[in-house]
Structures are given as structure tokens and as C-alpha cells.
Amino acid sequence: MGQSRLKFLGFAGVALMLLAACGTTGGGGTPAKTYKIGLVTDIGGLNDKSFNHLADLGLEKAKTDFKIQGDVVESKSGFLMQQAMGTVSGQFPNVHFAIIDGAGTDANGKDLQHPNVQSLFFKEQDAGAMVGVIAGMLEKQGKAKKNQHVISAVGGISIPPVDHYIAGYKWAATMEDPSIKVLVGYSNDFTDPAKCKNVASSQISAKSDILFQVAGGCGLGVLQAAGQASVYSIGVDADQKDADPSVIASALKKVDVATYTAIKNVVNGQFQGGALTFSVANDGAGYAVDNLTLPDDIKAELDKVQGQIKSGALTPPDKIPA
């Protein structure tokens with residue numbers, strides 16, 4: 001019985017393992033191909049209301065649409081999976097792998113470019129830019145809570161996906177309100193809300209009244225701190241409007257779309273090694289407005305900027321502006 005396998009591992013928060021194997025016998029005695037999908041989260045777990053949660057949503061949709069089997073395992077000891085991907089994909093060349101936000105690397109971080117590895121990347125700066133427009137315009141128009149032209153971002157660890165978000169956020173907010181000050185801090189953690197809450201409290205003390213969390217489960221502490229201080233917050237990855245009433249918007253990184261697309265590629269026999277990139281242009285990144293009714297002029301500006309990013313007329317940076 002022939003078989004092919006596919007595994008998905010995630011860099012900033014999730015790992016997927018997909019196994020496609022010939023299984024039950026179909027009509028006429030022909031073996032039918034069955035697909036067994038494994039999802040491995042990082043230490044943030046499925047209840048992070050963010051990255052891991054979205055990957056699970058993508059798996060669940062694929063299970064419904066393609067009648068595949070799926071299992072989830074929550075990691076207890078890590079979130080950076082690139083080296084593990086590089087090692088295991090080399091040991092099993094007949095198994096297909098995919099990794100979110102990374103590649104299969106050696107111990108020095110070099111992409112091994114194994115043909116059985118698919119990297120799923122995002123232009124997080126696109127999503128960051130959209131919520132940056134909201135923050136910048138609210139401050140410019142005096143419609144934030146304190147209107148002192150100070151906003152902020154709390155990252156987990158300074159890795160590319162996190163910094164991309166913050167880069168787009170700062171760039172767009174400054175574009176809308178050149179007088180704005182953008183504070184950036186890191187918790188060096190993705191799981192402990194108390195650590196992010198401490199960073200957020202310091203930023204609030206420094207007059208920030210719109211806080212953008214880019215720290216997974218840890219970032220829930222940012223949203224809570226904003227709520228307790230009666231200022232605004234912005235969620236990340238998933239729509240986090242239910243995480244705290246302070247959330248006025250969420251920068252969407254559609255990990256569910258990437259997960260579903262990768263599974264669909266396997267089911268349709270279209271898997272290819274290399275990289276896929278998800279952005280505003282292909283609906284792999286975006287934003288949601290939460291717990292706040294935006295003025296019509298801000299809505300119009302969001303539509304304008306989103307259209308310009310899609311067309312290439314505007315290109316949010318992937319490095320945090322000075």
C-alpha cells in the first residue's frame with residue numbers, strides 16, 4: 001500500500017502534522033485515500049484566543065470540507081520549531097511538511113530548502129498598518145481616550161512576525177498623525193499575561209491610550225490592562241473583541257486560511273515545497289473593528305489605504321521605523 005505524508009510545524013505559535021495515506025477500500029476494490037491531520041500547538045495552547053486557536057479553526061474547516069481525520073497535540077515546551085522541522089524533514093524525505101512563519105533550518109538557522117517543506121509566511125505589516133490607521137486617525141481627531149498623541153505596542157519576543165506587525169502599525173499611525181509618539185516594548189514571553197500587563201501598565205503611565213498587543217496569550221494582559229485603565233486596546237491574529245471591552249480593533253493574521261490552504265493543497269495533490277505568502281492582497285491578512293463605531297471618514301480612509309496596499313501603491317515596511 002503506497003502512502004504519502006504531510007506535516008505542518010509552526011514558528012510563532014503552531015505546528016501542524018498532516019498524514020495522507022491510502023486507507024479504506026472504495027468502490028470497485030480501489031483503495032481510497034484517507035487523510036490524517038495532526039495539529040501541534042506551541043505552549044500558548046488552543047485557548048490563546050489568537051494564533052493557535054486560528055490554526056485549529058482552519059483544521060476544523062478542512063475536516064468538514066474534505067472529510068479528513070484530525071488530531072491536536074498541545075506542546076508543553078516551545079514555540080520555535082524551525083530546527084526541528086529541518087531535522088525531521090530530512091529524516092523523512094517522503095513526508096511532506098509545512099511550517100507557519102518559518103522554514104526547515106539547521107542548527108545555525110540556515111534554510112535547508114528541503115523539497116518536502118512548505119513555508120507559510122504572512123505580511124503581518126499589512127494587518128498592522130490597518131489598525132495603525134485607526135489608531136492614528138483617532139488620535140489626530142481627538143477621539144481617543146486621553147488624546148495625548150501617544151500610542152504603543154507590546155510585543156512578545158522580537159522575532160520577524162512580531163516586528164512586522166509593529167512596523168506596519170507605527171508606519172501607518174505616523175502617516176495619519178505625524179505628531180504621534182509610538183512606544184514599543186517587549187515582554188520576552190508569549191504565554192504569561194502578567195508579564196505583558198506590566199509592560200502595558202508602564203506604557204499607560206507614559207500616556208499611551210491605544211495599546212496594540214502582539215504577544216499571543218501573554219498579550220491578553222495588555223488588553224486587560226487597557227480595560228482597567230479605561231483606554232483602548234487592539235488585538236492580534238484573531239478577532240479579539242470578546243477578550244476585553246477595551247478592544248476597538250484586531251489586526252488579523254489569517255492562520256486559519258493558511259492552514260486550510262495547506263491541507264487543501266495536499267488533498268488536491270498540489271503540494272509544492274517552497275514558500276506561500278499571505279497578505280492583504282490575497283485576503284490572508286486584514287483587520288476587524290471591535291466594540292467601537294468608527295466615524296465614516298475613518299472607514300473611508302481604511303478602505304483607501306487597504307486598496308492602495310492591494311494595488312502596490314502603498315507598501316508597509318517590515319522593519320520598525322526609527
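When a residue number appears, it is its place in the shown sequence, counting from 1.
Between Asp290 and Ser250 the shortest heavy-atom distance is OD2-OG, 2.8 Å. The two residues Leu59 and Gly70 make their nearest non-hydrogen contact at CD1-CA, 4.4 Å. Between Asp111 and Gln113, the shortest heavy-atom contact is OD1-N, 2.8 Å. Closest non-hydrogen pair, Lys67 versus Thr64, comes out as NZ-O, 3.2 Å. Shown here for Ala129 and Ile309, the closest heavy-atom pair between the two residues is CB-CD1, 4.2 Å. Of all heavy-atom pairs spanning Asp126 and Ala285, the tightest one is CB-CB, 4.5 Å.
Separating the OG atom in Ser187 from the CG atom in Asn198 is a distance of 10.0 Å, to the nearest 0.5 Å. Taken to the nearest 0.5 Å, the NE2 atom of His149 stands 10.5 Å off from the CD1 atom of Ile210. Rounded to the nearest 0.5 angstrom, Phe278 CZ and Ile100 CD1 are separated by 8.5 Å. Once rounded to the nearest 0.5 Å, the distance linking CE of Met137 with CD of Glu301 reads 5.0 Å.
With 3.5 Å as the limit, one finds no donor-acceptor pair spanning the side chains of His53 and Asn47. When only modelled atom types and interatomic distance are considered, Ser179 and Asp177 share a side-chain donor-acceptor pair under 3.5 Å. A side-chain donor from one of Asp163 and Ser158 sits under 3.5 Å from a side-chain acceptor of the other. A donor-acceptor contact closer than 3.5 angstrom links the side chains of Gln141 and Asp297. A donor-acceptor contact closer than 3.5 angstrom is absent between the side chains of Lys264 and Gln270. A donor-acceptor contact closer than 3.5 angstrom links the side chains of Gln203 and Ser152. Counted by atom type alone, Gln240 and Gln213 present one or more donor-acceptor pairs between their side chains at under 3.5 Å.
In this structure, the side chain of Asp283 does not engage the main chain of Ser279 through any donor-acceptor pair within 3.5 Å. With hydrogens and angles ignored, the 3.5 Å screen pairs no side-chain donor or acceptor of Asn265 with any backbone N or O of Gln272. In this structure a side-chain-to-backbone donor-acceptor pair under 3.5 Å is present from Ser119 to Gly102. For the pair Thr174 (side chain) and Trp171 (backbone), a donor-acceptor distance under 3.5 Å is absent. At distances below 3.5 Å, at least one donor-acceptor pair connects side-chain atoms of Lys170 with backbone N or O atoms of Pro321. Side-chain atoms of Ser311 come within 3.5 Å of backbone N or O of Gln308 as a donor-acceptor pair. For the pair Asp244 (side chain) and Ser246 (backbone), a donor-acceptor distance under 3.5 Å is present. Asp106 places a side-chain N or O within donor-acceptor distance of the main-chain N or O of Gly109, the cut-off being under 3.5 Å. Within the 3.5 Å criterion, the main-chain N or O of Lys145 finds a donor-acceptor partner in the side chain of Asp209. In this structure, the side chain of Asn291 does not engage the main chain of Ile248 through any donor-acceptor pair within 3.5 Å.
The hydrophobic clustering, which links ILVMFWY residues whose side-chain heavy atoms are closer than 4.5 Å, places Tyr232 and Leu302 together. Placement of Ile157 and Ile166 within a single hydrophobic cluster is found when ILVMFWY residues are connected by side-chain heavy-atom separations under 4.5 Å, directly or transitively. Hydrophobic clustering, with ILVMFWY side chains joined whenever heavy atoms are under 4.5 angstrom apart, groups Ile134 together with Ile234. Taking hydrophobic clusters as Ile, Leu, Val, Met, Phe, Trp and Tyr residues chained together by side-chain heavy-atom distances below 4.5 Å, Ile151 shares a cluster with Met130. In the hydrophobic clustering of ILVMFWY residues, with side-chain heavy atoms under 4.5 Å counting as a link, Leu211 and Tyr186 come out apart.
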Exercise. Test Thr87 against Met85 for side chain to side chain contact (heavy atoms under 4.5 Å, CB included), laying out the working first.
Key: CA-CA 6 Å; Thr87 299; Met85 166 72 75; over 6 Å; no
Exercise. Give the C-alpha distance, both sets of side-chain angles, the deciding distance and a yes or no for salt bridge (Lys or Arg N to Asp or Glu O under 4.0 Å) between Asp101 and Lys253.
Key: CA-CA 11 Å; Asp101 288 347; Lys253 175 175 178 172; 2.5 Å; yes
Practice problem: For the pair Asn188 and Lys195, evaluate side chain to side chain contact (heavy atoms under 4.5 Å, CB included) and give the outcome as yes or no after the intermediate values. | Solution: CA-CA 8 Å; Asn188 295 311; Lys195 292 181 179 179; over 6 Å; no
Quiz item: Val231 and Ile204: side chain to side chain contact (heavy atoms under 4.5 Å, CB included), yes or no, with the steps?
Solution: CA-CA 8 Å; Val231 296; Ile204 292 168; 4.2 Å; yes
Practice problem: Output, in order, the C-alpha distance, side-chain angles, deciding distance and verdict of side-chain hydrogen bond (donor to acceptor under 3.5 Å, both in side chains) for Gln228 and Lys197. | Solution: CA-CA 11 Å; Gln228 291 168 3; Lys197 192 171 186 178; 3.0 Å; yes
Practice problem: For Val255 and Val257, run side chain to side chain contact (heavy atoms under 4.5 Å, CB included): C-alpha distance rounded to whole Å, both residues' side-chain angles, the deciding distance at 0.1 Å, then the answer. | Solution: CA-CA 5 Å; Val255 174; Val257 173; over 6 Å; no
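Using a cutoff of 4.0 Å between basic side-chain nitrogens and carboxylate oxygens, Lys61 and Asp65 are scored as salt-bridged.
Side-chain atoms of Leu220 and Leu223, non-hydrogen and from C-beta on, do get closer than 4.5 Å to each other. The shortest distance between side-chain heavy atoms of Ile159 and Phe190 falls below 4.5 Å. The shortest distance between side-chain heavy atoms of Leu54 and Lys254 does not fall below 4.5 Å.
For Lys63, the NZ atom counts as densely surrounded, since its 6.0 Å shell holds more than 12 non-hydrogen atoms of other residues, nucleotides or ligands. Within 6.0 Å of atom NZ in Lys143, more than 12 heavy atoms from other residues, nucleotides or ligands are found, so the atom counts as buried in its surroundings. The environment of NZ in Lys146 is crowded: more than 12 heavy-atom neighbours from other residues, nucleotides or ligands sit within 6.0 Å.
Ring geometry for Tyr165 against Phe212 counts as perpendicular: the plane angle is over 60°, on a 0 to 90° scale with 30° as the lower cut.
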